[in-house]
Q: 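The structure under discussion is supplied below as structure tokens; questions concerning it will follow.
Below, chains carry the letters A, B, ... as their sequence lines are ordered, and counting in each starts from 1.
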Protein chains: 2
Amino acid sequence: MESSTTPGGSTRREATRQKLYEAAVTLIAEQGFSATTVDEIAERAGVAKGTVYYNFASKSVLFEELLRHGVGLLTASLREAAERTARDGGSKVDALDAMVRAGLVFIDRYPSFTQLYVAELWRTNRAWQSTLMVVRQEAVAVVEGVLREGVDNGEFSDEIDVPLTAAALVGMVLVAALDWQAFQPERSLDDVHAALSRLLQGRVSGHR
Amino acid sequence: MESSTTPGGSTRREATRQKLYEAAVTLIAEQGFSATTVDEIAERAGVAKGTVYYNFASKSVLFEELLRHGVGLLTASLREAAERTARDGGSKVDALDAMVRAGLVFIDRYPSFTQLYVAELWRTNRAWQSTLMVVRQEAVAVVEGVLREGVDNGEFSDEIDVPLTAAALVGMVLVAALDWQAFQPERSLDDVHAALSRLLQGRVSGHR
DNA sequence: CTATTTGAACTGACTGGTCAGTGCAAAAAC
DNA sequence: GTTTTTGCACTGACCAGTCAGTTCAAATAG
């Protein structure tokens with residue numbers, strides 16, 4: 001008795017679900033959702049096919065829950081970075097910079113998830129489209145919040161377009177990080193962070 | 001004789017190939033490669049299934065040629081923008097700005113292609129992976145070229161990381177544009193361009 | 001302590017459907 | 001008269017989802 005109903009408990013079920021998430025995320029990142037078979041996922045997770053269906057209603061439900069899970073981790077990490085900077089009395093630029101770093105750390109730790117997220121984000125006509133929209137907005141909203149505070153603050157020009165700039169910043173970090181992973185994995189995180197900071201603070205074309 | 005080998009000839013064959021490209025690009029952008037069937041592509045193109053196989057060896061060959069075709073258009077457009085600015089005696093910042101605009105125009109005209117490109121770029125283990133790498137490098141190289149000239153020039157700090165900054169810039173434009181198309185399509189191209197220019201020139205956080 | 005029961009978790013062979021690619025004869029286009 | 005397209009039936013592989021049966025750990029009984 002007890003066990004399966006307990007939320008947050010570390011049951012056997014939770015462990016297999018975790019294994020399935022991990023197997024699915026790498027396979028789908030590599031091959032895409034449709035090209036990945038449930039048999040492959042089960043095999044990679046070291047579990048029978050039936051177990052997948054015991055734990056998830058369908059292949060796409062598995063995927064949707066995976067998305068929610070992953071973006072949840074990302075937003076938490078971004079929010080934490082912003083709050084930490086605020087607590088330490090940093091400026092909004094510092095907060096943005098801390099969030100860039102948090103983004104890089106996340107991508108470094110979960111490269112497959114990021115890959116998969118980017119690949120699916122702009123697809124239309126897919127079952128999980130609405131899930132993805134909601135979840136995307138959560139992440140971008142954290143950045144928008146900091147930008148808006150900076151504008152109210154006087155720290156940022158009030159001419160900036162908050163939603164668009166937030167999206168562009170997220171995109172910058174996402175794409176730079178994926179390129180880093182894919183094409184120059186030997187570089188260090190600090191290195192990549194430094195390059196993006198410079199770009200962010202206008203030290204590329206701003207003065208000098 | 002003649003006709004199929006001629007590059008740029010406007011044969012009947014070329015016309016059906018073009019129709020197939022257009023049908024395939026929108027369908028694959030919406031659904032992904034694996035979820036798109038050859039029957040769908042043929043139907044959308046208004047052509048018999050046999051014709052697809054008369055013109056392309058396989059579904060993935062069709063896709064690879066599509067990729068080459070599309071990225072060819074993009075690099076040509078970026079290069080043209082950079083050269084035009086140079087000819088008009090513009091600075092390197094002007095050249096970057098012109099390239100940002102050229103990128104936006106391209107994405108505005110071929111949104112499906114862009115969508116599809118981003119979705120496939122960081123996948124591994126796929127047949128066309130090498131094609132994509134080559135083709136990506138061609139596009140990024142144009143931006144790298146301008147950055148490097150600017151550094152030699154003294155116009156940009158020699159501390160910038162050219163490949164990484166180029167990748168980040170491309171990513172910024174790509175993601176901002178896709179977000180624009182997907183989530184706020186009512187905005188004008190000039191609007192989006194202005195927001196990105198501001199970000200590029202460090203007028204967000206640089207000084208006020 | 002040992003034996004028995006319970007039910008959640010898991011298994012893997014099986015099914016029904018889908019789809020890439022083929023083959024080909026006849027029609028159209030050039 | 002040659003090239004290209006059509007239409008359509010067919011095949012064989014592959015795959016999402018199902019289900020009858022098995023495992024196992026914890027609970028209860030003796």
Q: Whether A:R87 and A:E83 form a salt bridge (side-chain N of Lys/Arg under 4.0 Å from carboxylate O of Asp/Glu) is what I want to check.
A: no

Q: Would you sort out whether A:R148 and A:E144 count as a salt bridge (charged side-chain N to carboxylate O under 4.0 Å, His left out), showing the intermediate values?
A: CA-CA 6 Å; A:R148 230 182 304 270; A:E144 287 181 0; 3.4 Å; yes

Q: Any chance the side chains of A:Q18 and A:E14 put a donor and an acceptor closer than 3.5 Å?
A: no

Q: Evaluate the criterion side-chain contact (heavy atoms from CB on, under 4.5 Å) for residue pair B:V146 and B:T85; output intermediate values, then yes/no.
A: CA-CA 11 Å; B:V146 171; B:T85 329; over 6 Å; no

Q: Measure from NZ or CZ of B:R136 to the centre of the six-membered ring of A:F183, then state whether that distance is under 6.0 Å and the direction lies within 45° of the axis.
A: yes

Q: What contact category does A:V52 fall into here, base, sugar-phosphate, or nothing, at under 4.0 angstrom with non-hydrogen atoms?
A: nothing

Q: Side chains of B:S197 and B:D97: donor-acceptor distance under 3.5 Å anywhere?
A: yes

Q: Expressed as a whole number of angstroms, how long is the span from B:E43:CD to C:dC19:C1'?
A: 15 Å

Q: Under 4.0 Å: is that the gap between some side-chain N or O of A:T16 and OP1 or OP2 of C:dA9?
A: no

Q: Hey, what are the protein-to-nucleotides 14-16 of chain D N/O distances that come in under 3.5 Å?
A:
{"from": "D:dA16", "atom 1": "OP1", "to": "A:K59", "atom 2": "NZ", "distance (Å)": "3.2"}
{"from": "D:dA16", "atom 1": "OP2", "to": "A:V38", "atom 2": "N", "distance (Å)": "2.9"}
{"from": "D:dA16", "atom 1": "N7", "to": "A:K49", "atom 2": "NZ", "distance (Å)": "2.8"}

Q: Rounding to a whole Å, what distance do you find between A:R17:CZ and C:dA8:P?
A: 16 Å

Q: Rounded to the nearest Å, what distance is computed from the CD1 atom of residue B:I41 to the C1' atom of nucleotide D:dT5?
A: 18 Å

Q: Would you mind reading off the distance between A:Y54 atom OH and C:dT11 atom C1', rounded to a whole angstrom?
A: 13 Å

Q: A:R13 side chain: which of C:dC10, D:dG7, C:dA9 is closest?
A: C:dA9

Q: Atom CD of B:Q31 to atom P of C:dC19: distance rounded to whole Å?
A: 10 Å

